[in-house]
Amino acid sequence: MFVKFVSADRVPVVVNAAQISFISCVSDGTRIRFGEGRSVTVTEPMDEVIERLNHTQQLPGG
């Protein structure tokens, strides 16, 4: 399932929850990491990112 966020450069970005490997806090928001070293930084705080992704029931181990 896809979830829409706002990237650090203020552009809408949509991520596939099933492809996320881990999430971390960074100075300008939350970094969402995918396989093969790809990542996107979003402006939403980590707790909000986790809550929205959990609603998809697509996170690994979820």
Side-chain angles (χ1 to χ4, degrees):
M1 181 173 285
F2 293 94
V3 181
K4 184 177 177 181
F5 296 103
V6 177
S7 70
D9 57 359
R10 306 289 185 223
V11 175
V13 62
V14 177
V15 301
N16 183 339
Q19 294 183 348
I20 294 172
S21 57
F22 70 92
I23 300 165
S24 59
C25 287
V26 293
S27 61
D28 51 352
T30 303
R31 182 152 304 134
I32 302 171
R33 293 202 182 264
F34 308 92
E36 301 175 9
R38 297 175 296 135
S39 69
V40 62
T41 300
V42 298
T43 60
E44 291 83 357
M46 187 163 73
D47 288 342
E48 180 180 340
V49 170
I50 292 170
E51 181 179 337
R52 291 169 63 185
L53 291 170
N54 276 337
H55 283 13
T56 69
Q57 300 180 353
Q58 296 293 310
L59 291 179

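Nothing fancy with the numbering, it's 1 onward along the sequence. Remember, predicted model here, so these are calculated numbers, not experimental data.
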Show the nearest heavy-atom pair for residues S21 and G35, with the distance to one decimal.
OG-N, 4.3 Å

Option from V6, V13, V26 for which side-chain contact (heavy atoms from CB on, under 4.5 Å) with V42 holds
V13

State, yes or no, whether a side-chain contact exists between V15 and L53 at a heavy-atom distance under 4.5 Å.
yes

Would a 4.5 Å heavy-atom cut-off, applied to side chains only, mark F5 and I32 as touching?
yes

Between I23 and I20, the two heavy atoms sitting closest are CG1-CG2, 4.0 Å

What residues form a side chain to side chain contact (heavy atoms under 4.5 Å, CB included) with E48, not counting sequence neighbours?
E44, P45, R52

Using every non-hydrogen atom in the two residues, find where N16 and F2 come nearest and quote the distance to one decimal.
CB-CE2, 3.7 Å

State which residue, out of D9, T43, T41, fulfils the side-chain contact (heavy atoms from CB on, under 4.5 Å) condition with D28.
T41

